[in-house]
Each structure stands twice: as C-alpha cells, then as structure tokens.
Amino acid sequence: MANSAEARTEILRRIRAATGNPAEATVIEAEWNAIQRDYKLVTSVDHEGLLEQLEDRLRDYDAGVYRCHPAEIPALVGKILAERGKETVAVPSGIPPEWLPAGMKFVEDARRDVAQIDACEGVLTSATLAIAETGTIVLQDAPGQGRRAVTLLPDYHLCLVHAADIVQTVPEAIARLQPTTHLATTFFSGPSATADIEMTRIKGVHGPRFVDVILIVG
Amino acid sequence: MSLITFDPARVPTFQVAAKGLLGDTQLRKNVRHATNVIQGKRKIVVDEMPDWQQLRESGKQIKDHTLRNLDYYLQQFEENCTKAGGVVHWARDAAEARAIVIDLVKQSGSDEVIKIKSMTTEEISLNKGLEANGIKAYETDLAELIIQMGNDLPSHIVVPALHKNRQQIREIFKREMNLPDLGDKPADLAEAARTFLREKFLRVKTGVSGANFLIAETGGVCVTESEGNGRMCLTLPETLITIAGVEKVIPRYQDLEVFLQLLPRSATGERMNPYNSIWTGVHPTDGPRTFHIVLMDNARTKILADTEARQTLACIRCGACQNTCPVYRQTGGHAYGSVYAGPIGAILTPQLQEMHSGQSLPYASSLCGACYEVCPVKINIPEVLIHLRHKVVEQDTQGIGAFNPEALAMKAMAILFTSERRFRAAQRMGRMAERPLVNKAGWVTWLPGLLGGWTQVRDLHEMPKQTFREWFEQRGTSDGK
C-alpha cells in the first residue's frame with residue numbers, strides 16, 4: 001500500500017506552505033467565534049404554529065400526519081397499521097409497550113441479522129426531534145429509535161414524535177443534538193425520493209416509500 | 001460511474017466539443033427541461049428564506065476560515081475520527097487514493113463493492129481502477145446506475161444523468177436488467193432499480209462512499225442524499241471506505257446548521273433533502289464494523305496556494321451554478337470534458353489538472369456573473385475565471401509561445417498604442433485596408449486568415465469615417481479659434 005504516513009507529512013507540509021505558519025489553537029478558536037452568524041436562530045411562531053408548519057411540510061413530502069394524546073396512541077397505531085395493511089412490524093428496543101396495540105405482531109430488533117428486519121412490512125419508532133421549517137425528523141441510535149438499518153429496510157415507517165421535541169429551525173435542531181454527536185444520526189424528510197429522472201420528485205427508491213407521522217400532544 | 005472516463009490528454013477543447021453537442025437537439029431539450037425545473041424549485045425555497053444572504057455570508061466565512069487553518073482542522077478530524085474507531089489514510093494524488101481504496105477492498109475480503117454517488121471517486125476514475133483489479137463496483141444512485149449501465153459519462157454534479165430522458169433510461173434498463181416489459185414512468189424505472197439493487201445491498205460486504213462534510217470537532221462524517229441508497233451503503237456493509245478531498249472538512253458540528261440549509265435548497269430546490277446521515281467512526285451494533293477514510297489532496301493544495309483561486313475550494317457541490325449558467329444550459333455537461341462541468345468545472349477542472357489540460361475551460365463563459373449570484377458560499381467564479389485566463393495567456397506566451405501569432409499581434413498592438421503618431425497612421429491604414437471587406441450595410445462579415453476567428457461568430461462594424469480626435473481638431477479650426 002502507498003505510504004500513508006509519508007503522504008500525511010507531505011500534504012500537511014504543502015498546506016502550511018500555502019497558508020503560512022500554523023496559528024495557535026486559541027487564535028483559531030477566536031477566529032471561529034468571530035464568524036458572522038446573522039441568520040435566523042430561533043423559533044418565530046407559537047406552539048400551535050410550530051405543529052401546523054411541521055404538518056404542512058410533512059404533507060408536502062407526501063407523508064401521512066396525525067395528532068393524538070398519549071392515551072390514544074395504541075388505538076391510533078392500530079388503526080393506521082390496519083389501514084396500511086401492515087401485519088409484521090419491526091420495533092427497536094425501548095419502545096414504550098403501552099404504545100403498541102394488543103393483538104398485533106411486533107418484532108423487536110435483536111441487532112443481529114438484518115434479514116429479520118428486511119422481512120418486516122413496516123417499522124414503528126419514536127424520534128429524537130423534528131424540524132418544522134424543513135419537515136425533517138431526526139433519528140439517533142437511542143431507545144425507541146434503534147440502529148439505522150431498522151428504519152431503512154422496511155418499506156413503511158410509522159414515526160411518533162412528542163410535540164415538545166419539535167423545533168422550528170435547523171440551528172435549533174443542531175444545538176439540541178450537540179450533546180449526542182457521538183450517536184449515529186439520520187435526518188429524514190419524508191419518504192425516500194429521487195428526482196434523477198427528468199427532475200420529477202418521485203416517491204420511493206430504497207428507503208421507506210411510505211411514511212406516517214403521529215404528533216403526540218398534551 | 002462507468003468504465004469510460006474523461007481522459008484529460010484526449011478530450012477536445014470546450015469550443016470544439018460544444019460545437020458538436022449543440023447539434024444534439026434531444027440532449028439540449030433534456031438539459032433545458034431539467035435545469036429549468038430545478039431552477040424554478042430552487043427559487044421558491046430560496047425566496048422563502050428571509051435570511052438567505054446572511055446564510056451565504058456565514059457559509060463563505062466558515063469555508064474561508066477553514067481553508068486558512070486547513071492543517072489544524074484536518075489533524076483535529078484525524079484525531080477525533082481515530083478515537084471513535086475510524087482509520088484515517090492520506091493520499092497525495094489520484095493514483096495513491098485509488099491504490100489505497102483497492103488495497104482496502106482486497107483486505108475486506110470482498111471482490112465487489114456497493115457505491116454511493118461520489119464525484120470524488122469519479123474524479124479519480126475509481127471504478128476503472130477497481131475493475132482492473134478484479135473488483136466489481138455497483139453504482140447504487142439511480143442516476144449513476146443509468147450512467148454505469150449506459151456506459152456513459154456524468155454531465156452534472158447533482159443529477160449526473162440529467163441529459164437522459166425517461167425513454168432513453170427505459171431502453172438502458174430494459175437491456176441491462178433484462179426487463180422487456182418495463183414501462184417508462186419514472187416510478188416504474190425507480191421500482192426496477194429498487195429491485196435490482198436490494199439484493200446487492202443485502203449481499204455485498206464492502207461499501208464505498210464520498211462525503212459532504214467532515215466534522216473536525218467530532219470526527220464525524222456527513223453524507224446527504226435522496227434515495228436511501230446512501231443509507232444502505234453506509235449502514236449494511238461490514239466495511240465502509242469513504243474518500244474525501246481535504247477541503248471537505250468543517251470546523252464544528254454547529255457549522256452544519258449553515259450548510260444543511262444552504263445545500264439542499266441550492267442543489268435540488270428542497271427545504272431538506274430526504275436523507276442526511278452523520279456517523280462517527282464505528283458504532284457498536286450499528287453499521288459497519290470497520291471504517292476507513294481516505295483524505296485526498298490531488299492538487300487541492302496547489303489551489304490553496306493560489307490566493308486568488310483559493311475560493312474554488314469552498315464549493316459544496318450543489319450544482320446551482322450549472323443550472324443557471326447560460327453556457328452550460330446550451331451545451332450540457334459533456335462539452336466540459338470533465339466530471340466537474342459548468343462554471344465550477346470551468347475553474348476547478350484546469351486547476352485540478354494543474355493547468356496541464358483544460359485550458360479552454362476558463363473561456364467557456366460569458367462572465368455574466370449568474371453563477372456568483374446563486375453560489376451558496378459566494379464563490380466569485382467570474383473573478384477566478386479571469387484569473388485563470390490570465391494564467392493560460394501567460395502559459396501560452398512563454399518560451400516558444402512568445403512567437404505565436406496572438407502574442408506577436410499583441411506585441412504589435414503595444415507598439416502602436418504607445419505612440420500617437422503610429423496610432424494615427426494605423427487608423428488611417430485600417431480605414432483603407434477594410435474598404436474591400438465592408439458590405440453595403442456598413443458591416444464587415446468576413447476577415448482573412450487568422451483574423452477570421454473573430455468574424456466567425458460576430459460581425460464587425462466598419463470604422464467611422466472620422467475619428468474623435470480628427471473631429472475635435474476640425475471643430476477647433478472651423479470655429480476660427
């Protein structure tokens with residue numbers, strides 16, 4: 001193999017030759033802090049406005065959107081899955097058992113072979129947060145959300161988001177994620193899509209082609 | 001990515017290639033349609049952002065700051081990625097990068113790889129290198145699959161197959177996937193790709209990707225995409241090999257808040273692209289067990305050393321400059337003879353090839369400035385184009401080049417312009433010499449010999465009967481002063 005250490009030394013030498021002597025870490029930090037950031041950082045709508053914006057954006061991406069109170073979750077989950085005709089649904093560990101309606105089959109991901117997940121018709125998870133302005137939901141490797149393959153292989157994703165976890169802007173989301181940057185993180189905005197054919201956004205290539213979102217309020 | 005590549009030594013100049021491609025009406029129709037749609041979508045989602053200009057300014061400042069401290073941030077990335085279980089490799093040039101990736105694939109024990117769309121791997125012709133070593137590469141992005149199966153070349157950095165319409169794509173898939181009854185609705189074509197690739201995702205043990213952002217602070221890597229093929233390649237294989245140019249590093253996680261707003265709106269006209277994946281080294285029980293990242297120079301440090309051209313490295317590969325460029329919109333991407341086409345390609349390609357080839361590209365522009373206006377990180381592309389034209393001229397007029405007709409003509413002009421007497425004599429001579437060439441309407445439409453290059457694409461007005469100086473002097477005498 002090519003000598004990577006030698007290449008490293010040479011590339012760093014070239015960079016220093018191009019940019020001048022390396023600066024002190026404190027100087028670099030001060031310079032980074034001085035970067036102008038006049039863009040919008042915080043929410044400019046009330047709580048109801050936030051929910052409506054998220055719903056609007058998700059529908060724009062062709063996702064189904066529902067609202068319910070915590071006590072209504074299992075009934076709504078049961079109704080949505082029945083309407084979608086999903087019988088085998090994967091769940092990551094850490095999903096509150098009271099969310100799951102009785103009498104339906106849920107397969108808990110054992111984090112081994114992905115074939116078990118691939119065989120499921122859908123997946124049900126919670127979420128870390130949602131961004132209203134862009135219609136984005138963020139998933140991390142946390143209880144109730146699971147490893148990345150779980151929300152990728154099944155063709156259908158039912159995602160439950162607490163209203164308290166909705167922010168309006170991307171900067172607010174990034175600030176909330178800062179303490180958990182070590183976790184594998186996925187942002188998803190609607191179902192899988194492509195615009196590679198004549199620039200038409202069509203639903204569904206490899207990720208879930210159908211997405212429903214339940215916003216838990218109250 | 002297909003096995004045919006743009007060979008810098010053999011591609012024709014932009015002007016020659018463009019002339020041929022302009023005759024392809026189907027291609028022009030496809031390019032016009034795609035760039036119109038994407039520009040329209042971009043405008044809607046950019047106009048709804050009251051802080052768009054502020055975001056652009058921050059994006060520019062972050063990139064500028066990073067490039068000035070590139071050694072610091074690369075080392076910080078290396079340290080944090082290594083701590084998180086990643087293995088960092090360094091490659092001085094394309095050959096070294098290819099060799100590292102090929103070796104890592106062999107070490108992974110696989111003779112096939114699944115690939116995410118990556119312009120960096122296109123830049124170094126990785127698939128050709130893999131194939132030569134008995135490794136089969138499967139492109140998994142829909143557009144890249146179309147390019148690979150059609151044995152074609154990419155023509156756009158975001159939508160590489162935008163020059164193909166649905167009927168053309170159906171023909172390629174029908175033939176390559178053996179699907180005689182395939183329809184031509186985009187959904188049919190996407191379904192065919194889904195079925196074809198799902199088996200590969202579940203079987204192939206090694207993935208290869210590019211990267212959108214390397215986060216120095218955390219050692220994390222961010223990949224943005226639409227289809228989910230990226231997530232498949234990043235998540236399912238046992239070994240993941242990522243290759244990225246050294247300029248892809250950003251200082252901190254917080255900086256994503258700027259780029260994750262600028263990139264999707266500029267690239268595909270979406271508020272957010274369907275998927276962003278961020279991972280840090282190796283995650284136990286989630287995703288690949290081995291993660292390698294190759295940090296590649298390949299002439300980027302040469303660009304860094306040129307302070308006037310350095311801003312080229314700020315590019316986040318959104319393709320907005322391509323969609324808006326009046327030249328690209330007529331010729332499409334292939335005329336540029338490089339995987340990087342359009343305005344950004346016109347400045348990036350010759351510099352990546354260290355000005356040994358691609359010298360015609362800085363001239364593939366009318367300098368209208370539309371690219372600068374849409375650039376999410378405010379790269380002043382026209383400024384760099386002019387800077388590179390200067391370099392090309394310097395190159396052409398050195399050594400034996402000092403005797404080339406253009407250089408000699410410029411020298412002769414300099415002699416004329418430095419003396420009033422000589423200048424006036426030349427004007428008089430010019431009026432006499434042009435006389436047989438001027439038509440009835442007062443235009444010169446044909447010039448002989450080398451000067452013919454000028455009149456091939458434009459007409460020249462005949463010289464005025466009287467110059468301003470002559471008129472001014474006459475006026476003085478007729479007034480009797």
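Side-chain atoms are counted along with the backbone in the values below, which use heavy atoms only and exclude waters and symmetry mates. Note on naming: letters A, B, ... go to the chains in the order of the sequence lines (proteins, then strands), and numbering restarts at 1 for each one. Quick caveat: nothing in here was measured; it's all calculated off a predicted structure.
Within 6.0 Å of CD on A:Glu48 lie more than 12 heavy atoms contributed by other residues, nucleotides or ligands.
Proximity to chain A involves both the backbone and the side chain of B:Leu142, based on heavy atoms less than 4.5 angstrom apart. If you measure heavy-atom distances from B:Leu67 to chain A, the contacts under 4.5 Å come from the backbone alone. Interface remark: B:Gln76 contributes no atoms to any contact with chain A (heavy atom separation under 4.5 Å). Residue A:Asp155 touches chain B through both its backbone and its side chain, counting heavy-atom pairs closer than 4.5 Å. Interface residue B:His33: only side-chain heavy atoms are found under 4.5 Å from chain A. With a 4.5 Å cut-off on non-hydrogen atoms, A:Leu41 touches chain B through its side chain but not through its backbone. There is no contact between A:Ala17 and chain B, counting heavy-atom distances below 4.5 Å. Only the side chain of B:Val37 comes within contact range of chain A, with heavy atoms under 4.5 Å apart. A:Glu172 does not touch chain B: none of its heavy atoms, backbone or side chain, sits under 4.5 Å away. Both the backbone and the side chain of B:Tyr253 come within contact range of chain A, with heavy atoms under 4.5 Å apart. For B:Leu162, no part lies near chain A; criterion is any non-hydrogen pair under 4.5 Å. Residue B:Asn36: no heavy atom, backbone or side chain, is found under 4.5 Å from chain A. At a 4.5 Å heavy-atom cutoff, B:Thr307 makes no contact with chain A through either its backbone or its side chain. In this structure, the portion of B:Ala91 lying under 4.5 Å from any heavy atom of chain A is its backbone and not its side chain. Residue contact with chain A, scored on non-hydrogen atoms closer than 4.5 Å, involves the backbone and the side chain of B:Ile62 alike. Using a 4.5 Å cut-off between heavy atoms, A:Pro208 contacts chain B through both its backbone and its side chain. Only the side chain of B:Glu270 comes within contact range of chain A, judged by heavy atoms closer than 4.5 Å. With a threshold of 4.5 angstrom between heavy atoms, A:Thr186 approaches chain B through its backbone and through its side chain. Both the backbone and the side chain of B:Thr285 have a heavy atom closer than 4.5 Å to some heavy atom of chain A. Proximity to chain A is absent for every atom of B:Ile215, based on heavy atoms less than 4.5 angstrom apart.
To the nearest 0.5 Å, atoms CZ (B:Arg68) and CD1 (A:Ile28) are separated by 10.0 Å. Between the CZ atom of B:Arg252 and the CD atom of A:Glu29 there is a distance of 5.0 Å, given to the nearest 0.5 Å. To the nearest 0.5 Å, the span separating CD on A:Glu10 from CG on B:Asp297 amounts to 8.5 Å. For the atom pair A:Arg8 CZ and B:Glu78 CD, the distance stands at 4.0 Å (nearest 0.5 Å). Rounding to the nearest 0.5 Å gives a distance of 4.5 Å between CD1 of A:Ile197 and CD1 of B:Ile169.
Contact annotation: the side chain of A:Asp118 approaches that of B:Leu202 to within less than 4.5 Å [non-hydrogen atoms, C-beta and beyond]. Using a 4.5 Å heavy-atom cutoff, the side chains of A:Trp32 and B:Asn69 are not in contact. Side-chain contact check for A:Thr9 versus B:Trp90: every heavy-atom pair is 4.5 Å or farther apart. You'll find the side chain of A:Gln178 reaches within 4.5 Å of the side chain of B:Glu217, heavy atoms only. Side-chain contact between B:Leu236 and A:Leu153 is present, with at least one heavy-atom pair separated by less than 4.5 Å.
Under 3.5 Å, the side chains of B:Arg231 and A:Thr151 contain a donor-acceptor pair of N or O atoms. Residues A:Tyr39 and B:Glu257 have side chains that bring a donor and an acceptor to within less than 3.5 angstrom of each other.
Between B:His283 and A:Arg148, the closest heavy-atom pair is CD2-NH2, 4.1 Å. What you find for B:Glu96 and A:Ala7 is that their closest heavy atoms are OE1-CB, 3.3 Å. In terms of heavy atoms, B:Gln254 sits closest to A:Ile174 at CA-CG2, 3.8 Å. Minimum interatomic distance between A:Tyr61 and B:Arg271 (heavy atoms only, all atoms of both residues): OH-CB, 3.8 Å. In plain terms, the two heavy atoms of A:Arg111 and B:Pro284 that are nearest each other are NH1-O, 4.4 Å. Closest non-hydrogen pair, A:Ile202 versus B:Ala190, comes out as CD1-CB, 3.7 Å.
Under a 4.0 Å N-O distance rule, the pair B:Asp71/A:Arg16 qualifies as a salt bridge. Salt-bridge annotation for B:Lys117 and A:Asp196: absent, with no side-chain N of the basic residue lying under 4.0 Å from a carboxylate O of the acidic one.
No donor-acceptor pair closer than 3.5 Å links the side chain of A:Arg14 to the backbone N or O of B:Leu304. Although no hydrogens or angles enter the test, the distance criterion places no donor-acceptor pair under 3.5 Å between the side chain of B:Thr301 and the main chain of A:Ile15. For B:Gln61 (side chain) and A:Gln36 (main-chain N/O), a donor-acceptor pair under 3.5 Å exists by modelled atom type.
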Checklist line | A:Lys40 vs B:Met49, side chain to side chain contact (heavy atoms under 4.5 Å, CB included): CA-CA, chis, key distance, verdict | finding: CA-CA 9 Å; A:Lys40 186 174 143 190; B:Met49 297 289 278; over 6 Å; no
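Looking at A:Val150, A:Val114, A:Leu152 one by one, the single match for side-chain contact (heavy atoms from CB on, under 4.5 Å) with B:Thr235 turns out to be A:Leu152.
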